[in-house]
Amino acid sequence: MYLNGSIFPLVLTLHSLEIPQTSIYPAFMLGMTTYLFILLCNLTIVVTICLNRNLHKPMYILLLNMPINDAMGATSLFPQLLYSIWSQDRSISYPACLLQGFIVHLYGGASYVILTAMAYDRYIAICCPLRYGAILTTNNLVKIITGMWLFHFSVIIVLFSLLLPHQVCQTYMADLVCYNPSIMKLMCEDTIVNNIYGLFTIVLYHGLSLSVVAFTYINILISCVTNKQSDAKIKALQTCGTHLVVFLFLEFNTLFPLLSHRSDSVPAHLRRVFSISVLVFPPLVNPLIYGFKTKEIRQKILTCFKRKIISV
């Protein structure tokens with residue numbers, strides 16, 4: 001992509017981080033520590049599930065998609081952000097901005113798809129326990145995971161393909177990270193098709209996810225109320241309660257920055273905070289909630305850790 005007939009590739013300037021000179025080193029170390037901690041936690045969950053045959057069950061195989069997706073989301077932000085902090089250079093090439101935006105949207109949408117699939121899994125396990133093995137067979141599980149990723153990848157590919165024909169008239173981006181609405185504000189021509197398709201994807205992901213989650217959790221709640229086994233009831237409510245909190249947090253944290261671009265009344269700094277937080281907090285918190293808090297995964301990690309200590 002070029003600007004005004006220039007032979008040089010287009011370079012954009014992201015909004016300033018506004019970090020004082022004395023705080024550059026602490027900010028860089030904090031960012032680096034956070035990123036490494038996110039990678040460590042999420043990769044620990046991935047390795048634990050992959051190496052333990054006892055965890056090769058539908059619930060954990062679906063869960064495996066989450067740390068992979070969270071690591072991808074964090075990686076879309078931190079390397080470029082850490083470079084900007086260290087060099088105090090907020091420039092980014094247009095192709096790199098498109099790539100970052102693509103990965104950000106791939107991560108955000110996949111979070112909804114994965115949580116929706118996990119809600120369906122909990123619904124079958126709690127409301128139809130006798131049919132669980134027959135419904136979520138290995139073959140069906142592969143179809144669900146493959147289908148949800150192919151569907152999601154296709155939607156995001158189309159979203160960013162619609163940006164390619166447009167000429168860019170501005171080089172300053174009033175956001176801390178590249179994503180579709182912020183990139184569209186740089187375009188010269190009318191982007192009504194992009195806006196319509198963007199709104200369609202928002203309605204599709206949020207509407208579909210909310211519908212499935214509402215249906216499954218209403219039925220799960222009814223099942224828990226009618227279940228006479230108090231232990232099973234408490235375990236189901238704890239599992240589903242945690243899942244619901246994570247889903248609602250993601251729902252608000254992603255929907256707000258996407259819609260705020262369409263309203264001038266929303267403070268820009270508030271939009272920037274939310275656009276960054278969705279790439280930091282879920283990848284940081286999810287492995288603690290879904291991984292280390294899950295009894296089976298926690299026991300496998302502790303067992304492996306103890307073996308390493310004994311061998312040393």
Return the minimal non-hydrogen interatomic distance between [X] and [Y], and the atom names on each side.
| X | Y | result |
| --- | --- | --- |
| Val278 | Pro283 | O-CD, 4.0 Å |
| Met173 | Val177 | SD-O, 4.2 Å |
| Phe78 | Leu279 | CE1-O, 4.3 Å |
| Ile45 | Pro67 | CG2-CG, 3.9 Å |
| Ile183 | Leu98 | CD1-CD2, 4.0 Å |
| Ala174 | Arg272 | O-NE, 3.0 Å |

Membership question, hydrophobic clusters at under 4.5 Å side-chain separation (ILVMFWY): are [Y] and [X] in the same one?
| X | Y | result |
| --- | --- | --- |
| Leu77 | Trp86 | yes |
| Leu208 | Tyr120 | no |
| Val158 | Met184 | yes |
| Met59 | Val212 | no |
| Val193 | Phe200 | yes |

Step through the shown structure and confirm whether more than 12 heavy atoms of other residues, nucleotides or ligands are within 6.0 Å of [atom1] on [X].
| X | atom1 | result |
| --- | --- | --- |
| Phe37 | CZ | no |
| Gln21 | CD | no |
| Leu51 | CG | yes |

How far does [atom1] of [X] sit from [atom2] of [Y], to the nearest 0.5 angstrom?
| X | Y | atom1 | atom2 | value |
| --- | --- | --- | --- | --- |
| Leu176 | Leu17 | CG | CG | 6.0 Å |
| Ile114 | Met148 | CD1 | CE | 5.0 Å |
| Ile126 | Thr216 | CD1 | OG1 | 9.5 Å |
| Ile68 | Trp149 | CD1 | CH2 | 8.0 Å |
| Ile156 | Tyr107 | CD1 | OH | 13.5 Å |
| Ile85 | Met32 | CD1 | CE | 9.5 Å |

Q | Residue pairs, two or more places apart or on separate chains, that pass side-chain hydrogen bond (donor to acceptor under 3.5 Å, both in side chains) and touch residues 68-85 | A | Tyr35-Thr75, Asn69-Ser111, Asp70-Asn286, Gln80-Ser84, Ser84-Arg90
Main-chain N/O of [Y] paired with [X] side-chain donor or acceptor, under 3.5 Å:
| X | Y | value |
| --- | --- | --- |
| Tyr94 | Thr171 | no |
| Ser23 | Ile19 | no |
| His166 | Cys188 | no |
| His152 | Gly147 | no |

Q: On the 0 to 90° scale, with breaks at 30° and 60°, tag the Phe102-Phe153 ring pair as parallel, tilted or perpendicular.
A: perpendicular
Q: Give me the ring orientation class for Phe151 and Tyr205: parallel if the planes are under 30° apart, tilted from 30 to 60°, perpendicular past 60°.
A: tilted
Q) For the ring pair (Phe, Tyr, Trp, His ring centres under 6.0 Å) test, which of Phe215, Tyr217, Tyr132 pairs with Tyr123? A) Phe215
Q. Any side-chain donor paired with an acceptor under 3.5 Å for Ser209 and Thr116?
A. yes
(Q) Regarding Asn139 and Thr137, do their side chains bring together a donor and an acceptor under 3.5 Å, going by distance alone? (A) no
Q.
Checking Thr191 against Leu162 for the side-chain contact (heavy atoms from CB on, under 4.5 Å) test, could you report, in this order, the C-alpha distance in whole Å, the side-chain angles of both residues, the deciding distance, and whether it holds?
A. CA-CA 9 Å; Thr191 56; Leu162 291 173; over 6 Å; no
